[in-house]
Structure formats: structure tokens, C-alpha cells
Visitor: 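Dropping a structure here in C-alpha cells format, bear with me for questions.
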Amino acid sequence: MDFSNFNAGEQAHMTKIIEKRQMQDFLRMYANLVEKCFNTCCNDFTSKALSSKEETCIMNCTEKFIKHSERVGARFAEQNAEAMSAMNQ
């Protein structure tokens with residue numbers, strides 16, 4: 001985003017708003033990851049420790065979730081770059 005038309009105080013305020021939103025998005029993504037992987041992988045509550053099967057499941061689930069998030073972010077960046085390029089033409 002271009003904040004060059006804003007004064008220093010407005011730029012700082014907008015930066016704080018964006019940083020807060022990014023943190024909220026990160027925490028929401030983390031919470032979704034934990035909930036999804038826990039509900040999918042953890043189903044034996046007879047022990048307080050994870051079984052090796054549960055641990056492997058959680059590692060795989062987490063890896064898939066992160067790879068998916070990275071791919072979605074990369075695709076979003078590609079589309080955003082294309083849109084910005086089209087706007088500048």
C-alpha cells in the first residue's frame with residue numbers, strides 16, 4: 001500500500017493497524033491449525049502423552065497445513081502482482 005500521501009502520524013497509525021491485522025490473521029491461522037490437527041489426530045485419551053501414531057499424524061497434518069498456506073500466499077501474491085501490473089498500464 002502506498003501511504004506517501006499521509007503525514008508521518010497517519011503512516012504510523014496505518015502501519016499499526018496493518019500489523020495488528022496481520023497478528024490477528026496469524027493467530028487465527030494457528031488456532032485453526034491446532035484445532036484441525038488435534039481433532040484429526042488425537043483420539044486416544046487414556047494417556048497424557050501422544051502415541052507415536054498421533055505424533056506422526058500431527059507432524060503430517062502440520063506440514064500439509066503450512067505447505068497449503070504457503071501455496072495460497074504465493075498464489076495471492078502472483079494475482080496481486082498481476083492486478084498491480086494491469087492497473088499501471
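Because the structure is predicted, anything quoted here is derived from the model rather than measured.
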Visitor: Output yes when E19 and K16 qualify as a salt bridge under the 4.0 Å nitrogen-oxygen rule, no when they do not.
Guide: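 Looking at K16 together with E19, the answer is no, because their closest N to O distance does not fall below 4.0 Å.
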Visitor: Could you check H68, K64, E70 and say which one makes a side chain to side chain contact (heavy atoms under 4.5 Å, CB included) with I66?
Guide: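 Going through the options one by one, the only one that passes is E70.
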Visitor: About how many Å separate CD1 of I18 and NE2 of H13, when rounded to the nearest 0.5 Å?
Guide: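 CD1 of I18 is found 10.5 Å from NE2 of H13.
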Visitor: Is any side-chain heavy atom of S51 closer than 4.5 Å to one of T56?
Guide: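 No, side chains not in contact.
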Visitor: Between L33 and S69, is a side-chain contact (heavy atoms from CB on, under 4.5 Å) present by the stated rule, with each step listed?
Guide: CA-CA 10 Å; L33 167 67; S69 296; over 6 Å; no
Visitor: With a 4.5 Å heavy-atom cut-off, do E54 and N43 have their side chains touching?
Guide: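 They are in contact (side-chain heavy atoms under 4.5 Å apart), so the answer is yes.
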Visitor: At what distance, to the nearest 0.5 angstrom, does OG1 of T40 lie from CZ of F65?
Guide: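 One finds 11.0 Å between OG1 of T40 and CZ of F65.
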Visitor: Taking atom CD of E10 as the centre, report whether more than 12 heavy atoms of other residues, nucleotides or ligands fall under 6.0 Å from it.
Guide: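 More than 12 within 6.0 Å, yes.
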Visitor: Between atom CG of N39 and atom SG of C42, what is the distance when rounded to the nearest 0.5 Å?
Guide: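 Between atom CG of N39 and atom SG of C42 there are 8.5 Å.
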Visitor: Given disulfide bond (SG atoms under 2.5 Å apart), test C61 with C41 step by step and report yes or no.
Guide: CA-CA 8 Å; C61 179; C41 300; 5.0 Å; no
Visitor: Counting C-beta onward and ignoring hydrogens, is there a side-chain heavy-atom pair between M29 and D25 closer than 4.5 Å?
Guide: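 No, too far: nothing below the 4.5 Å cut-off.
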Visitor: Between N80 (side chain only) and F76 (backbone N and O only), is there a donor and an acceptor less than 3.5 Å apart?
Guide: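 Not at all, since once roles are kept as given, no pair shorter than 3.5 Å links the two residues.
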Visitor: Okay, side chain of Q11, backbone of F6: is any donor-acceptor separation there less than 3.5 Å?
Guide: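 Present.
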